[in-house]
Amino acid sequence: MTQTAQVVICGAGSVGVATAYYLAAHHQIRDVLLVDLHPPLSQTSAKSGENIRAWWPVQPMVDLANRSFDLMEALAAETGNAFHLEKRGYAYATQDAAGLQGYLDHYRSLARLGEIRIHDRGATGAGYAAPWESQPSDGLDGADVLLDPVLIRQTFPHFAPTVQAVVHARRAGSISAQGLGMLLLERAKAAGVRELRGEVVAVETKGGAVCGVTVHTPAGPQHIETRNFVNAAGPFANRVAALLGRSLPISTVFQQKIAFQDTLGVIPRNAPFTIFMDRQRIAWSDEERQEFASDPAYAWLLEELPGGLHIKPEGGPESTWIKLGWAINQRGEEPIWERPGDPAFPDLVLRGAATLAPGLRQYVGRLPRPLLHYGGYYTKTPENLPLIGPLGVDGAFIAGAFSGFGTMMSCAGGELAAAWVAGAELPSYAEVFSLNRYTNPTLVETLSRLARAGEL
Ligand SMILES: Cc1cc2nc3c(=O)[nH]c(=O)nc-3n(C[C@H](O)[C@H](O)[C@H](O)COP(=O)(O)OP(=O)(O)OC[C@H]3O[C@@H](n4cnc5c(N)ncnc54)[C@H](O)[C@@H]3O)c2cc1C
């Protein structure tokens with residue numbers, strides 16, 4: 001069977017769906033076929049922690065995130081906040097206030113991040129809006145840096161008394177990723193975008209330009225004549241790029257989370273998404289230490305582990321669920337569809353989280369059931385910027401490598417991908433997100449260094 005489409009998008013995750021929506025909404029390109037072998041938004045996009053922030057350590061990411069926020073805020077205002085945008089912020093906690101100086105100096109050097117307000121010892125919190133006082137429309141940005149132990153204690157009573165400082169980033173919070181994705185998908189379909197269930201197995205070219213796509217569907221192979229193809233295949237972006245003889249500088253790294261009911265009420269329900277900035281060693285028992293030391297697969301658990309562990313109350317005030325995560329894995333691997341979690345992870349992340357919120361220690365060895373333990377791939381470039389733009393074959397585009405930020409960046413990323421496909425005017429940040437950035441190795445090296453310095 002043959003059909004035609006002006007644009008074929010491979011992948012109906014957050015990124016592919018947003019691209020389809022912006023093609024239809026901003027460019028009136030409605031003859032779009034969204035192809036996926038799974039139901040929409042059911043793969044990596046279903047694993048997201050759903051956290052959003054404009055607080056980024058590199059300027060292009062600040063700009064892309066701010067644009068995404070603008071788009072999400074406008075959609076939320078239009079729809080009566082259909083996807084539960086909330087702006088409690090991100091709290092970055094550390095036991096080393098002195099070590100914050102360089103970090104804050106770096107963030108001060110970035111444009112469009114907003115003001116950094118210091119709340120020093122004895123300042124009594126004057127002028128500080130607590131996380132639960134923020135509203136999506138309050139325009140608050142920048143960060144409040146809490147150095148006053150009384151203010152830290154009042155705002156974060158569950159933190160260890162050793163916490164010396166909290167950087168409370170304000171243009172940040174969370175959304176329902178499924179809510180936003182479904183809103184964009186329904187609007188795109190209402191405008192004429194079609195869906196096709198099946199696997200893209202070939203992309204044909206003629207004279208160096210895309211001319212068709214072959215999809216294996218449950219009803220048999222289908223050929224689609226098209227001159228525009230968008231690779232939004234998430235972790236499988238490289239496999240799909242290979243159909244056009246292209247290779248992308250990306251790796252796929254499996255990251256995990258657990259969720260359980262905080263029956264003891266350790267984490268206040270109105271706490272923001274919280275990240276523990278500090279490196280730490282887990283206090284294993286002697287027996288555990290011996291066991292890990294003798295097993296090369298687990299010996300790394302005895303080493304000092306990186307910062308970035310996060311804690312979040314999940315659901316509204318009546319819920320008791322909390323989510324713990326730690327993007328601790330650094331090893332790239334070949335992606336597979338149903339990757340099982342690592343059995344050591346739940347205990348590891350719980351113990352790590354208890355360093356910041358000691359009340360969680362009560363759950364060690366007795367994690368409440370049901371315990372949800374799941375994961376997905378961060379699809380990353382070495383400098384941790386997404387890839388959005390031409391793929392190196394006429395009519396082919398990439399919208400991928402959204403790492404741990406594809407929910408928050410889906411609107412601006414989809415908007416940018418749609419602008420490339422439509423041949424429309426591009427925003428100033430377009431070039432740095434395209435593959436063209438690799439023609440400037442100095443730029444890529446600088447971005448990598450800054451991303452590493454501020455990565456949490
Ligand atoms: C544990 C975890 C926590 C995260 N937390 C956050 C967070 O708090 N905030 C945030 O902003 N981001 C977060 N992310 C990142 C975010 O979830 C991803 O960046 C985003 O979902 C990527 O979307 P995508 O559309 O690129 O990929 P996907 O959602 O994986 O979509 C790709 C789609 O392509 C389809 N596909 C692949 N190959 C083919 C083919 N050949 N033919 C047809 N279809 C194909 C797949 O079936 C899939 O549906 C997190 C990610 C993980 C793993």
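Ligands are counted one by one from 1 in listed order, and the atoms in each one are counted from 1 as well. As a basis for the values below, the full set of heavy atoms in this structure was taken, side chains included, without hydrogen atoms, waters or symmetry mates.
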Checking a contact table here: which protein heavy atom is nearest atom 45 (C) of ligand 1, and how many Å away?
Leu37 CD2, 3.4 Å
Atoms in ligand 1 flagged as close to Val200, the criterion being non-hydrogen separation under 4.0 Å:
40 (C), 41 (N), 42 (N), 43 (C)
Looking only at N/O atoms, are Glu199 and ligand 1 under 3.5 Å apart anywhere?
no
Not counting sequence neighbours, which residues clear side chain to side chain donor-acceptor pair (under 3.5 Å) with Trp56? List them please.
none
Option whose closest heavy atom lies nearest to atom 23 (O) of ligand 1, chosen from Ser45, Ala12, Gly413
Ser45
Is it the side chain (CB and beyond), the backbone, both or neither of Val240 that lies under 4.0 Å from ligand 1, heavy atoms counted?
side chain
Here the gap from Arg351 atom CZ to Leu309 atom CG, rounded to the nearest 0.5 Å, amounts to 13.5 Å
Once you restrict to heavy atoms under 4.0 Å, what part of Ala232 touches ligand 1? Side chain, backbone, both or neither.
backbone
Can you confirm if the NZ or CZ of Arg339 lies within 45° of the ring axis of Phe254 and under 6.0 Å from the centre of its six-membered ring?
yes
Between ligand 1 and Lys257, is the shortest N or O to N or O distance under 3.5 Å?
no
What is the nearest protein non-hydrogen atom to atom 2 (C) of ligand 1, stated with its residue, atom name and distance?
Lys47 O, 3.6 Å
Of Gly198, Ala399, Ser42, which has the heavy atom at the shortest distance from atom 43 (C) of ligand 1?
Gly198
When you compare ligand 1 with Thr44, is there at least one nitrogen or oxygen pair between them that comes in under 3.5 angstrom?
yes
In terms of atom number and element, which parts of ligand 1 are under 4.0 angstrom from non-hydrogen atoms of Met408?
9 (N), 10 (C), 11 (O)
Under 4.0 Å from one or more heavy atoms of Gly11, ligand 1 contributes atoms 33 (C), 34 (O), 35 (C)
Sidechain-backbone polar pair: Glu225 side chain, Gly212 backbone, donor-acceptor under 3.5 Å:
no
Which protein heavy atom lies closest to atom 50 (C) of ligand 1, and at what distance to 0.1 Å?
Ser48 CA, 3.8 Å
Looking only at protein heavy atoms, what sits closest to atom 31 (O) of ligand 1 is Gly13 CA, 3.4 Å
So, does Thr381 use its side chain to make a donor-acceptor pair with the main chain of Leu385 at under 3.5 Å?
yes
Partners of Asp144 by salt bridge (Lys or Arg N to Asp or Glu O under 4.0 Å), sequence neighbours excluded?
Arg117, Arg170
Examine ligand 1 and decide if any of its atoms is less than 4.0 Å from a heavy atom belonging to Gly375.
no
Is the Phe236-Trp337 ring centre distance short of 6.0 angstrom?
yes
For atom 27 (O) of ligand 1, what's the nearest protein heavy-atom neighbour? Residue, atom name and distance, please.
Gly234 CA, 3.5 Å
Taking only heavy atoms of Asn51 into account, list the atoms of ligand 1 that are under 4.0 Å away from them.
7 (C), 8 (O), 9 (N), 10 (C), 11 (O)
Note: heavy atom closest to atom 51 (C) of ligand 1, options Tyr374, Tyr378, Phe405, Phe236, belongs to Tyr378
Is the ring centre of His310 less than 6.0 Å from the ring centre of Phe276?
no
Atom indices of ligand 1 within 4.0 angstrom of Phe402 heavy atoms, with elements:
19 (O)
Take Ser174 and Asn51 through the test side-chain hydrogen bond (donor to acceptor under 3.5 Å, both in side chains) and record every step on the way to the result.
CA-CA 4 Å; Ser174 71; Asn51 306 299; 5.3 Å; no
Grab the two heavy atoms, one from Ala237 and one from Leu248, that are nearest each other, plus how far apart they are.
O-CD1, 3.9 Å
Are Trp321 and Phe260 an aromatic pair, judged by ring center distance below 6.0 Å?
no
heavy-atom search around atom 35 (C) of ligand 1 in the protein gives Asp36 OD2, 3.2 Å
So, Glu318 and Arg269, do they make that salt bridge, N to O below 4.0 Å?
no
Looking only at N/O atoms, are Tyr377 and ligand 1 under 3.5 Å apart anywhere?
no
Answer with yes or no whether Gly400 contacts ligand 1, where contact means a heavy atom under 4.0 Å from a ligand atom.
no
Heavy atom of the protein closest to atom 24 (P) of ligand 1 (residue, atom name, distance):
Val15 CG2, 3.9 Å
Does Thr79 use its side chain to pair, donor to acceptor, with the backbone of Leu75 at less than 3.5 Å?
yes
For Gln255 against Ala327, the heavy-atom pair lying closest together:
OE1-CA, 3.2 Å
Atom 12 (N) of ligand 1: nearest protein contact (heavy atom, Å)
Gly404 O, 3.1 Å
Can you check whether Pro335's main-chain N or O pairs, donor with acceptor, with Arg239's side chain at less than 3.5 Å?
yes
Give me the atom names and distance for the closest heavy-atom approach of Gln6 to Thr226.
O-OG1, 3.3 Å
Which of the atoms in ligand 1, numbered in the order shown and given with their element, are less than 4.0 Å from a heavy-atom of Gly376?
53 (C)
Has Trp337 got any heavy atom lying under 4.0 angstrom from an atom of ligand 1?
yes
Does Glu195 come within less than 4.0 Å of Lys189, counting only side-chain N to carboxylate O?
yes
Identify, by atom number and element, the atoms of ligand 1 in contact range of Pro235, meaning under 4.0 Å from any of its heavy atoms.
30 (O)
Ligand-residue contact atoms, ligand 1 with Ser14, heavy atoms, under 4.0 Å:
25 (O)
Check whether any heavy atom of Ser410 sits under 4.0 Å from an atom of ligand 1.
no
Out of Gly49, Ala233, Ala177, who is nearest to atom 38 (N) of ligand 1 when you count heavy atoms only?
Ala233
Taking Glu186 for the side chain and Leu183 for the main chain, is one N or O donor matched with an acceptor at less than 3.5 Å?
no
Does Gln255 reach ligand 1 with a nitrogen or oxygen that is under 3.5 Å from one of the ligand's nitrogen or oxygen atoms?
no
